[in-house]
Amino acid sequence: MNSPTPNSPETKPADRSPVANPAGDEQRTVVVHEGRPSTWQRLSSWVGWTGFALCALSLFGLYGKFGEYFDSTGGISEKFVSGAALGKDKVAIITVNGVIMEGDGFVKKQIDRVSKDKNVKAVVLRISSPGGTVTGSDFMLHHLNKMKAEKKIPIVVSMGSVAASGGYYIAMAVGDEPQSIYAEPTTITGSIGVMIPHYDVSGLLEELHVKDDSIASHERKLMLNMTKPLTDEHREIVQGTVNQMFERFKAVIKGGRPVFRKDPEALDQLATGEVFLAESAKKFGLIDEIGFEEDAISRVIELAGLDSEKARVVKYDRPSSLMDVIGFGSAQARNDWAGLNSLFDLTVPRAFYLYSTFPALANSAAAN
């Protein structure tokens, strides 16, 4: 067989390397030819790399659209609710569930997440809460107002089973937005008022022959001590504090309900601690509309000037941890571990915007 000539177009210069013969009696030369790729091979390679590049771009695009659902920044994760799954403009649902207490808890994390998300154009504040402490309620309202002012976005409230006292207080984050507070037909709301619980167990201690002999820098330091009756002087002092907080509550309501700015006396008649069903609440001007969460979503989309066909509605969840999966992260387990702290919490006098007959036993882990 004749070998290709050195100048053949199908070959490159040969690599001639001597190879030792195992027998050791002579040497042979191995000639290796490197052929050029054919046109079909070059085309296949180009198509393959082009396809790979397109797939990579597609994956990056999908990550940009759906990556937020895997982002657990701040200890929470985003969840798609409704609307356009690939929509850029988002409506965020911030949920407030349970008793409101102090602390940078789940609600604050939701607010922070919305504040940092440039794609959130509107917020629905979903409230299912009987209220809570004065400080905790005011803390939430402050950060909701701050978020709204910085992002310049509308807020619409959707009330669940109950949005009373402190729950109603934080609903005032809507400001002067018209038609912005929705309540379901069976929602209980109102309960506008303040209380500082005090329980007098001095009679029981007397029967048990137990005497409180605490030492304090001044008698007023112990004026809310449950082991002693509240004197008239001390009651007047505490009442003055309650009255100041009550005036602040009404001022906040006037900031979120223009109708009461025009008619303060109408608010005074309602601010007795009484609760109202949605129909009565609408009649008295406490809410704007009777409707469900989807109605509030439609309204906030309208206020924000968004396209309802392109807007994406999302909410936030706490990601499940390993402790949650095996049971140690359950609500009951957390309550068991927090038992000692709760016991001490019961002895701390607090002011409440709370719709409850036994406020001192409120679960301090509920809505944070």
Side-chain angles (χ1 to χ4, degrees), residues 54-74 76-97 106-128 140-141 143-160 163 170-185 187 256-258 278 282 287-317:
L54 292 174
C55 288
L57 289 173
S58 298
L59 289 174
F60 278 117
L62 289 173
Y63 180 80
K65 293 289 186 182
F66 297 105
E68 295 156 320
Y69 299 136
F70 302 97
D71 182 3
S72 58
T73 301
I76 62 175
S77 59
E78 185 176 298
K79 177 182 178 182
F80 174 75
V81 175
S82 63
L86 299 180
K88 180 180 179 181
D89 294 334
K90 291 191 286 187
V91 174
I93 300 174
I94 294 178
T95 57
V96 181
N97 294 320
F106 180 52
V107 177
K108 177 60 163 50
K109 289 178 180 178
Q110 294 176 82
I111 295 171
D112 290 343
R113 182 72 171 262
V114 170
S115 297
K116 296 174 183 177
D117 190 339
K118 66 180 184 302
N119 293 326
V120 173
K121 308 299 183 181
V123 166
V124 169
L125 183 61
R126 175 68 175 177
I127 304 172
S128 295
M140 286 189 187
L141 179 63
H143 285 285
L144 285 167
N145 285 336
K146 181 181 178 183
M147 175 199 71
K148 181 181 179 183
E150 290 177 349
K151 291 182 70 66
K152 296 180 174 57
I153 59 175
I155 295 178
V156 169
V157 164
S158 171
M159 294 180 173
I170 64 173
M172 297 303 103
V174 297
D176 285 343
E177 295 285 0
Q179 303 301 111
S180 57
I181 298 183
Y182 286 72
E184 296 178 3
T187 294
R257 304 301 293 162
K282 182 179 179 181
I287 67 171
D288 294 308
E289 297 291 343
I290 298 176
F292 293 86
E293 185 177 271
E294 56 267 28
D295 299 310
I297 292 171
S298 296
R299 176 56 179 160
V300 85
I301 287 175
E302 179 184 356
L303 288 172
L306 302 177
D307 186 340
S308 60
E309 299 295 325
K310 298 179 180 179
R312 177 171 26 143
V313 182
V314 300
K315 66 188 301 184
Y316 305 99
D317 288 335

Is a side-chain donor or acceptor of Lys121 paired with a backbone partner of Lys118 at a separation under 3.5 angstrom? yes

Taking only residues two or more places apart in sequence or in another chain, which ones pass side chain to side chain contact (heavy atoms under 4.5 Å, CB included) with Ala183? Met159, Thr187, Ala278, Ile287

Taking every heavy atom of Asn145 against every heavy atom of Ala173, the minimum-distance pair comes out as OD1-CA, 3.6 Å

Donor-acceptor under 3.5 Å (Lys310 side chain, Lys88 main chain): no

Point-to-point distance, once rounded to the nearest 0.5 Å, from NE2 of His143 to OG of Ser115: 9.5 Å

My understanding is that only residues two or more places apart in sequence, or in another chain, count here; which of them pass side-chain hydrogen bond (donor to acceptor under 3.5 Å, both in side chains) with Ser180? none

For the residue pair Ile155 and Glu177, what are the closest heavy atoms and their distance? O-CG, 4.4 Å

Nearest 0.5 angstrom please: Leu125 CG to Ile94 CD1, how far? 6.5 Å

Tightest non-hydrogen contact, residues Ala122 and Val300, listed as CB-CG2, 3.6 Å

Asp288 side chain to Ile181 main-chain N or O, any donor-acceptor pair under 3.5 Å? yes

Going by the rule side-chain hydrogen bond (donor to acceptor under 3.5 Å, both in side chains), which residues pair with Gln179 if we only count those two or more places apart in sequence or in a different chain? Glu289

Quick one: side-chain hydrogen bond (donor to acceptor under 3.5 Å, both in side chains) partners of Ser128, sequence neighbours excluded? none

Residues that Asp89 engages under salt bridge (Lys or Arg N to Asp or Glu O under 4.0 Å), provided they are two or more places apart: none

Sequence neighbours excluded, the answer for side-chain hydrogen bond (donor to acceptor under 3.5 Å, both in side chains) partners of Glu184 is Arg126

Partner set under salt bridge (Lys or Arg N to Asp or Glu O under 4.0 Å) for Glu302, not counting sequence neighbours: Arg299

Sequence neighbours excluded, the answer for side chain to side chain contact (heavy atoms under 4.5 Å, CB included) partners of Lys151 is Val114, Val120, Met147, Ile153

All heavy atoms of Leu303 vs all of Val156, minimum pair found to be CD1-CG2, 3.7 Å

Identify, with sequence neighbours excluded, every residue that meets salt bridge (Lys or Arg N to Asp or Glu O under 4.0 Å) alongside Asp112. Lys108

Restricting to non-hydrogen atoms, name the atom on Tyr316 and the atom on Ala92 that form the minimum distance, rounded to 0.1 Å. OH-CB, 3.6 Å

Can you tell me how far the OG atom of Ser298 sits from the CG atom of Leu306, to the nearest 0.5 Å? 11.5 Å

Could you report the tightest heavy-atom contact between Val124 and Val91, atom names first, then the distance? CG2-CG1, 4.2 Å

Side chain to side chain contact (heavy atoms under 4.5 Å, CB included) against Asp295, all qualifying residues, sequence neighbours excluded: Tyr182, Phe292

Apply salt bridge (charged side-chain N to carboxylate O under 4.0 Å, His left out) to residues Glu78 and Arg312 and explain how you reach the verdict. CA-CA 12 Å; Glu78 185 176 298; Arg312 177 171 26 143; 3.8 Å; yes

If you measure from NZ on Lys146 to CD1 on Ile111, what distance do you get to the nearest 0.5 Å? 10.5 Å

Rounded to the nearest 0.5 Å, what separates atom OG1 in Thr95 from atom NZ in Lys315? 6.0 Å

